[in-house]
Colleague: 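The structure follows.
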2 protein chains.
Amino acid sequence: MSPLLSQILTIPQLITRELGGLIVSGQYNPNNPVPTEMDLSRHFGVSRSSIREAVKMLSAKGLIDSKRNQGIAILPRDNWNILDPDVLAWSQKYGSSRQLQIEFIQMRKAIEPEATYYAATQGQVDDVIAIDSAYCHLFKVVQEQQAEQFSAAVCEFHLAIIKASRNRFYCNMQPFLKTAITSLYDNELDSIPSNVKALTLYDKLVQAIKTHRADVAKNTMAELVELDCERIH
Amino acid sequence: MSPLLSQILTIPQLITRELGGLIVSGQYNPNNPVPTEMDLSRHFGVSRSSIREAVKMLSAKGLIDSKRNQGIAILPRDNWNILDPDVLAWSQKYGSSRQLQIEFIQMRKAIEPEATYYAATQGQVDDVIAIDSAYCHLFKVVQEQQAEQFSAAVCEFHLAIIKASRNRFYCNMQPFLKTAITSLYDNELDSIPSNVKALTLYDKLVQAIKTHRADVAKNTMAELVELDCERIH
DNA sequence: GAGGATTTGTTCGTATGTATT
DNA sequence: AAATACATACGAACAAATCCT
């Protein structure tokens, strides 16, 4: 194994990443199916055991299904666990960026306002503290024009909100949200000026959560997501 | 291996199911960590290779992380891929049914109305056909009082809608939706009478989708989910 | 339908590297 | 510094199911 990546990733993890990318990008498909374990073993120069462990990981993510003597079948896209951080990353890397952006926003429109509602009604004290501190950080970043930190600060705020919902399904969308928001603000260093006005919405949002005005909080978050929606048009 | 299940499930899959249940139910936890691969191998009477493949599947689902010399660590619940059908099933089997019902509905309130909106605006012809046929089936089931088929029919309808959204993130919540709806209507054979009036809402919903009145469709779905919400109070 | 080839399923033994004690 | 414990990785072998001839 190459001594560089082996420090971090195991061989099965490397193979998983490689095969996952090839499947999501469509290079392996029903017309060009995944080779047999033996062929993969020879091709990558690793043992069949390692290949098998990678295959198991991919099947656990819903990408493939291996049956006796039938080889490795690629499952229909509906089966893919696209909320899985790895699958999401591969989709982002190899898919149409434009289409993905649209679907990101569509999902955020559903999730974030509702999560905000629950954050305002059911958020614990430490949740609200985390939201407030994330807001303060964001405010500072914008005021000091630290463009390279803007994306991370926005992310931190939105993640704090969704965590405060205290619903495990919402909380499980943290990797999704992080990817969706990061992909929107990264590589656009001019985003701060146009978002100074968004800051007033963030302020309104935090106040609403603190005072448990759930409907106001929800609607304000909806406005914020709508602003992000306009960015991709 | 028992000759019964071995016809369907492989050994790694059996081990995955067993360990997954033990982790989700909390029998394995930071105070009582997962044994070493060697111990698991001896305990289940299977080879270490099979254990390793099961471990890889569980790590792909975000439940555990195995590091050299450190054994198998259970990851915090936030990392668990709870939208994964298996993880969801284990959570349902071993967790508090009441709490899960609440979180199911909270999630559906966010997802379903919005998905309905997109079904009305972006649904293809065959999507609408599927929705209509699911509605007709549901209508028939209610009229003929086939109580045992009611749950499946309701499910079919809601799944048809979410598929019509043509958004891969919404579509990926089909297993979630199926579990959430089934758990609500199963074991309650008296549910049909009280839901005859819900049928008028379903009818209104289908008409709205057919005529592309997206806002009406969305609001009607919100009403339907609200009805389900009242059932768990 | 009978039989051989293919491919995954499963096990075992061995060696290696890396922490902990 | 040495021993131990543990996960990582390899390779060989056989079993079992399915496909093709």
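The model shown is predicted, which means the values in this text are computed figures rather than measured ones. So you know, we letter chains A, B, ... as the sequences are listed, proteins then strands, and number each from 1.
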Colleague: Scan nucleotides 11-13 of chain C against the protein and return all N/O pairs shorter than 3.5 Å with their distances rounded to 0.1 Å.
Modeller:
from: C/dT11; atom 1: OP2; to: B/S47; atom 2: N; distance (Å): 3.2
from: C/dT11; atom 1: OP2; to: B/S47; atom 2: OG; distance (Å): 2.9
from: C/dT11; atom 1: OP2; to: B/S50; atom 2: OG; distance (Å): 2.4
from: C/dC12; atom 1: N4; to: B/S49; atom 2: OG; distance (Å): 3.3

Colleague: Using a cutoff of under 3.5 Å, can you pull out all pairs of nitrogen or oxygen atoms linking the protein to nucleotides 19-21 of chain D, with atom names and distances?
Modeller:
from: D/dC19; atom 1: O4'; to: A/N69; atom 2: ND2; distance (Å): 3.4

Colleague: Please tabulate, for side-chain N and O atoms in residues 22-31 of chain B, each donor-acceptor pair with protein atoms closer than 3.5 Å (sequence neighbours left out).
Modeller:
from: B/S25; atom 1: OG; to: B/G21; atom 2: O; distance (Å): 2.9
from: B/S25; atom 1: OG; to: B/L22; atom 2: O; distance (Å): 3.3
from: B/N29; atom 1: OD1; to: B/N31; atom 2: N; distance (Å): 2.8
from: B/N29; atom 1: OD1; to: B/N32; atom 2: N; distance (Å): 2.8
from: B/N29; atom 1: ND2; to: B/G26; atom 2: O; distance (Å): 2.8

Colleague: Can you tell me how far the CD atom of B/E53 sits from the CD1 atom of B/I11, to the nearest 0.5 Å?
Modeller: 10.0 Å
Colleague: Within the 3.5 Å criterion, strictly below it, is a donor on B/S183 or B/Q101 matched to an acceptor on the partner's side chain?
Modeller: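 Yes.
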Colleague: In a table with atom names and distances, give each donor-acceptor pair under 3.5 Å that connects a side chain of residues 131-138 of chain B to protein atoms at least two apart or in another chain.
Modeller:
from: B/D132; atom 1: OD1; to: B/K210; atom 2: NZ; distance (Å): 3.1
from: B/Y135; atom 1: OH; to: B/D203; atom 2: OD1; distance (Å): 3.3
from: B/H137; atom 1: ND1; to: B/E156; atom 2: OE1; distance (Å): 3.0

Colleague: NZ of B/K56 versus P of D/dA9: gap in Å, rounded?
Modeller: 7 Å
Colleague: Please give, in whole Å, the distance from D/dT18 C1' to A/R68 CZ?
Modeller: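 In whole Å, D/dT18 C1' and A/R68 CZ are 10 Å from each other.
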Colleague: Which donor-acceptor pairs under 3.5 Å do side chains of residues 157-171 of chain A form with protein atoms, sequence neighbours excluded?
Modeller:
from: A/H158; atom 1: ND1; to: A/E112; atom 2: OE1; distance (Å): 2.7
from: A/H158; atom 1: NE2; to: A/Y202; atom 2: OH; distance (Å): 2.8
from: A/S165; atom 1: OG; to: A/I162; atom 2: O; distance (Å): 2.7
from: A/S165; atom 1: OG; to: A/N167; atom 2: N; distance (Å): 3.4
from: A/R166; atom 1: NE; to: A/D127; atom 2: OD2; distance (Å): 2.8
from: A/R166; atom 1: NH2; to: A/D127; atom 2: OD1; distance (Å): 3.1
from: A/R166; atom 1: NH2; to: A/D127; atom 2: OD2; distance (Å): 3.1
from: A/N167; atom 1: OD1; to: A/F169; atom 2: N; distance (Å): 2.7
from: A/N167; atom 1: OD1; to: A/Y170; atom 2: N; distance (Å): 3.3
from: A/N167; atom 1: ND2; to: B/E103; atom 2: O; distance (Å): 3.2
from: A/N167; atom 1: ND2; to: B/Q106; atom 2: OE1; distance (Å): 2.7
from: A/R168; atom 1: NE; to: B/E103; atom 2: OE1; distance (Å): 2.8
from: A/R168; atom 1: NH2; to: B/E103; atom 2: OE2; distance (Å): 3.3
from: A/Y170; atom 1: OH; to: B/Q106; atom 2: O; distance (Å): 2.7

Colleague: Could you pull out all residues at least two apart from A/D65 that satisfy salt bridge (charged side-chain N to carboxylate O under 4.0 Å, His left out)?
Modeller: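 A/K67.
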Colleague: Starting from C1' on D/dC6, measure out to CD1 on B/I51 and report it in whole angstrom.
Modeller: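 Atom-to-atom, B/I51 to D/dC6, this comes out as 15 Å.
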Colleague: Could you give the CG-to-C1' distance, from B/L9 to C/dT8, as a whole number of Å?
Modeller: 16 Å
Colleague: Can A/D86 and A/K61 be counted as an ion pair, charged N to O under 4.0 angstrom?
Modeller: yes
Colleague: Check step by step if side chain to side chain contact (heavy atoms under 4.5 Å, CB included) holds for A/I82 and A/W90.
Modeller: CA-CA 9 Å; A/I82 200 167; A/W90 297 328; over 6 Å; no
Colleague: Taking only side-chain nitrogens and oxygens of B/R52, does any of them come within less than 4.0 Å of OP1 or OP2 of D/dA7?
Modeller: no
